[in-house]
Amino acid sequence: MRRKMKRHKQLLNTGTHLPNNIKNSINDLSLQFDGTGILMSANPLNIKRNIPSTIGRVLRIFFPMALLISGSAFLVNHAYSDADWTAKKANENSRTMLQASNIDEDITEITSDLMFLASQENLQKMFMPEGHLNAELNADLCGVFHSFSLSRKIYDQIRILDETGQEVIRVNFNQGSPAVVAREKLQNKKGRYYFDNAMALSRGQVFVSPLDLNMENGQIENPLKPMIRFGTPVFDTLGQKRGIVLLNYFGDRLIQRFTDIRSEDSLSQSMLVNREGYWLQSPDLSNCWGFMYPEKSETTFAAAFPQEWERIVDTCSGQFATSRGLYTFQTVYPLQQGQLAHIAGHENMEPTSCSLGVQHYNWKVISFIPQDVLMAKSQITALWINIVLAVMLIGLAFASWKIASASETKRISLARAEEANRSKSLFLSNMSHEIRTPMNGIMGMIDLALDDPAHPEAISYLETAKSSAHTLMRILSDILDLSKIEAGKLSIEIVETQVVPILRDMVALMEPLAKNKGVGFEVIFLTPIPDRMHTDPTRLKQCLINLLSNAIKFTQAGHVHLLLSALKKDGADYILFEVQDTGIGIAKEKVDGIFEAFVQEDNSTTRRFGGTGLGLSITKQLSSLLSANIWTESILDEGSSFFLELPVSLPEANPQLISSLGSSKEAVFSKNKKMRQFQGHVLVAEDNLVNQKTIKALLNKMGIEVTMANNGQEAVDQAKLRDFDLIFMDIQMPVMNGYQATICLVEKNYSSPIIALTANVMESEIQECYRVGCSEFLGKPINRAELIIILDKYLTKVFSPV
């Protein structure tokens with residue numbers, strides 16, 4: 001920089017002619033440098049800034065981008081809230097189904113045990129025809145029941161009662177030390193509701209008592225002991241009913257298994273309610289067992305939540321939200337298909353003739369998430385999104401001011417403009433990286449959501465978000481290209497180029513845009529043109545895309561044509577591309593400035609059609625790099641024609657002349673392309689969790705196994721353990737960056753291709769990726785078509801749709 005300033009002063013001293021304002025600016029600059037020699041500030045002494053003009057530029061840059069970023073943040077927040085709500089509902093459904101399934105398993109297991117004991121051959125033989133009991137078989141059964149109690153550990157008592165209600169065998173669990181009760185301590189249970197109801201059943205039927213609290217001597221046993229009694233009649237060898245087998249099941253085991261199944265984020269409250277609406281399990285234990293206590297007879301879920309109970313009681317399963325919160329419920333049917341149960345009353349425990357079938361004897365598993373808890377996570381997420389949005393808007397305001405200041409500074413002096421451009425390029429590179437990185441996660445997740453739509457309204461939101469994201473990316477790309485051009489760092493590569501593929505690409509890109517607006521689009525050959533020529537295909541394509549997309553954008557009806565013709569001027573060959581539209585046209589006084597940066601015909605144009613006004617400016621600069629001429633002819637309200645006169649050198653072998661695109665099997669990427677299936681195992685080094693999720697989901701969707709590494713060091717360590725088919729390497733990572741990790745792998749002669757995966761898209765950074773040993777470069781946000789091209793090149797294809 002010091003050398004440059006010295007050169008400027010030498011020019012002045014030698015009398016070299018410069019405009020007076022440039023001379024004055026160079027003489028009046030007060031420069032400050034940091035330790036590296038980079039210009040930090042340049043303060044003009046005699047030239048005042050045009051503050052209103054600068055503010056106007058800031059507003060023209062800030063407001064469109066602020067609107068896009070704010071809209072994107074709103075849609076992302078809305079999509080996240082919808083996804084979070086859907087996930088909570090699905091999680092609650094899964095959990096209540098699992099709780100209900102566990103209860104079903106317990107009841108089935110108990111019923112199976114009951115039938116197993118009732119079918120014991122020795123049990124049938126123990127009851128002798130003359131009414132006596134076989135003492136020897138009785139002793140054998142005592143041993144069997146004792147062993148059964150010891151191994152199962154889930155029954156408080158296992159009993160056999162004869163037809164008079166007298167206990168014949170009783171095994172007490174005794175807190176893990178089962179004991180057979182002595183004959184003299186056996187009791188007669190005639191008149192007890194469970195004996196009378198079970199004794200009234202037929203072969204194969206099962207008595208199931210309510211889930212209630214055990215009572216001793218007419219009092220509720222303390223500590224509380226939840227209990228369910230299962231009974232079935234037993235018969236002697238002649239088929240005569242001689243008594244019952246009765247199992248007292250520890251109900252607290254069932255309740256404990258129920259409460260052990262918690263939600264992933266512990267948001268919900270789990271409840272088990274019987275068919276009368278009484279709580280068997282509740283977060284507030286004081287509400288439980290209301291039917292066992294006269295003073296709590298009104299303490300029911302049904303009384304506390306009457307409207308909710310009305311929706312639950314007669315429905316098998318469901319989910320609904322009220323102002324209180326989210327309710328999810330499942331019905332448990334303890335009886336097996338084909339069985340009946342006689343259910344005793346709760347208060348007096350008297351025998352009952354009420355016979356209930358499978359559908360009528362049930363419990364309700366209910367999960368509840370309060371409204372404030374339900375919304376807490378979404379509110380926190382919205383707060384963070386707003387914080388990030390505020391930071392981005394502050395950064396955008398700062399960026400807008402810097403860009404506007406740079407433009408104003410350029411007007412003041414040539415020297416200060418050079419330094420401003422350098423600072424602007426660095427700033428735009430950083431801004432591009434910082435915005436592209438989160439946008440990669442946004443666009444990738446939107447792609448995945450669009451692949452599997454769940455709700456039409458959600459699809460509309462996501463498509464809008466993706467459109468906004470692409471618009472923001474186009475703005476950033478335009479600004480970055482303009483910065484490269486001004487810095488003189490945009491490279492041109494002249495190679496032998498086929499014309500037809502470029503034109504087919506134009507058709508594939510522009511036809512859908514024109515069709516969506518109801519505008520006709522056609523490529524017309526006014527004269528035959530060579531099918532091959534020497535030029536830069538990438539920059540030529542960029543020019544044509546800018547001109548055609550601009551024409552379609554400003555055309556509401558009629559057509560957009562791309563006209564081609566071959567010319568010879570002064571012995572040189574040219575191809576003339578004319579983009580003709582029937583759009584809004586340009587006023588005569590505005591035509592001369594149409595190719596300037598940030599320029600559109602008037603302020604209403606941005607409001608009506610959008611855009612930054614950079615496209616034509618960039619096209620003008622690119623055409624200069626291609627040594628081409630560009631100009632426009634337009635009539636207001638009738639249409640415009642933009643001309644690109646491109647000088648070309650033809651290959652040594654005379655090219656063929658073409659006058660139409662013809663037909664070709666070469667296909668531009670279709671939507672089916674993204675559904676290709678590959679075989680392989682890839683390593684992805686990426687430190688951003690959202691980007692990890694995005695790239696892993698994209699690759700998994702195409703059948704590829706993925707291993708993740710959080711930084712370059714982890715990637716090197718993983719690569720030492722096994723050979724991957726492909727490595728995707730982010731560049732900016734902690735511990736060890738992508739450059740260092742790639743160099744380390746190359747030095748160790750690691751054979752798999754390494755693909756640079758980064759939001760740094762400056763040409764110098766891309767070249768650095770290749771220099772350290774990367775085989776390919778893939779920018780963020782990830783373009784799925786470009787990703788498939790790389791996978792197509794390096795992995796084995798398993799399936800590719802037609």
### Query
Ring centroid separation for F235 and F127, is it under 6.0 angstrom?
no
### Message
For R152, is there an ion pair with E109 - N to carboxylate O distance below 4.0 angstrom?
### Response
yes
### Message
When you measure from the side chain of R159 to the backbone of E167, do you find a donor-acceptor pair of N or O atoms at a distance under 3.5 Å?
### Response
no
### Task
Validate the cation-pi geometry between R311 and F320: distance from NZ or CZ to the six-membered ring centre under 6.0 Å, angle to the ring axis within 45°.
yes
### Candidate pair K696 and M708, rule side-chain contact (heavy atoms from CB on, under 4.5 Å), full reasoning
CA-CA 8 Å; K696 185 174 182 179; M708 300 302 304; 4.3 Å; yes
### Query
Salt-bridged, D84 to K88, with N to O below 4.0 Å?
yes
### Query
Quick check: are there more than 12 heavy atoms from other residues, nucleotides or ligands sitting under 6.0 Å from CD of E136?
no
#### Entry: Greater than 12 external heavy atoms within 6.0 Å of R183's CZ
no
#### Entry: K189, NZ atom: more than 12 neighbouring heavy atoms under 6.0 Å
yes
### Query
Can you tell me if H146 uses its side chain to pair, donor with acceptor, with the backbone of V171 under 3.5 Å?
no
### Task
Answer yes or no: does atom CD of E295 have more than 12 heavy-atom neighbours from other residues, nucleotides or ligands under 6.0 Å?
yes
Quiz: residues 219-226 side-chain donor-acceptor pairs under 3.5 angstrom, not counting sequence neighbours:
{"unit_1": "E221", "atom_1": "OE1", "unit_2": "N214", "atom_2": "ND2", "d": "2.7"}
{"unit_1": "E221", "atom_1": "OE2", "unit_2": "K225", "atom_2": "NZ", "d": "3.4"}

#### Entry: Check ion pair D162-R242 (N to O, under 4.0 angstrom)
no
### Task
Step by step, work out the side-chain contact (heavy atoms from CB on, under 4.5 Å) result for W363 and I103.
CA-CA 10 Å; W363 301 326; I103 295 175; 3.7 Å; yes
### Query
Any ring pair (Phe, Tyr, Trp, His ring centres under 6.0 Å) pairs touching residues 83-116, not counting sequence neighbours?
none
### Query
Between Y155 and I110, what is the shortest heavy-atom contact and its length?
OH-CA, 3.5 Å
#### Entry: side-chain contact (heavy atoms from CB on, under 4.5 Å) assessment of R170 paired with Q157
CA-CA 7 Å; R170 172 155 50 101; Q157 291 182 343; 3.9 Å; yes
### Query
Angle class for the W289/F291 ring planes (parallel below 30°, perpendicular above 60°, tilted otherwise)?
perpendicular
### Message
Any heavy-atom pair between the side chains of L211 and N274 that's under 4.5 Å?
### Response
no
### Query
Are side-chain N/O atoms of T328 and Q319 paired as donor and acceptor at under 3.5 Å?
yes
### F74 atom CZ: more than 12 heavy-atom contacts under 6.0 Å
no
### Query
With distance as the sole test, does S282 use its side chain to make a donor-acceptor pair with the main-chain N or O of L285 at under 3.5 Å?
no
### Query
Where is the tightest heavy-atom contact between M271 and W279, given as atom of each residue plus distance?
SD-NE1, 3.3 Å
## Note on the structure
Of all heavy-atom pairs linking F230 and L114, the shortest is O-CD1, 3.7 Å
### Message
I'd like to know whether CD of Q371 has more than 12 heavy-atom contacts from other residues, nucleotides or ligands below 6.0 angstrom.
### Response
yes
### Message
Can you confirm whether the side chains of N710 and Q692 place a donor and an acceptor under 3.5 Å from each other?
### Response
yes
### Query
Which atom pair, heavy atoms only, marks the closest approach of P233 to L201?
CG-O, 3.6 Å
### Task
Taking only Lys NZ, Arg NE, NH1 and NH2, and the carboxylate oxygens of Asp or Glu, determine whether R95 and E92 approach each other closer than 4.0 Å.
yes
### Smallest separation among heavy atoms of N174 and A179, with atom names
ND2-CB, 3.3 Å
### Query
What pair of heavy atoms forms the shortest contact from L246 to R229, and how long is it?
CD1-CB, 4.4 Å
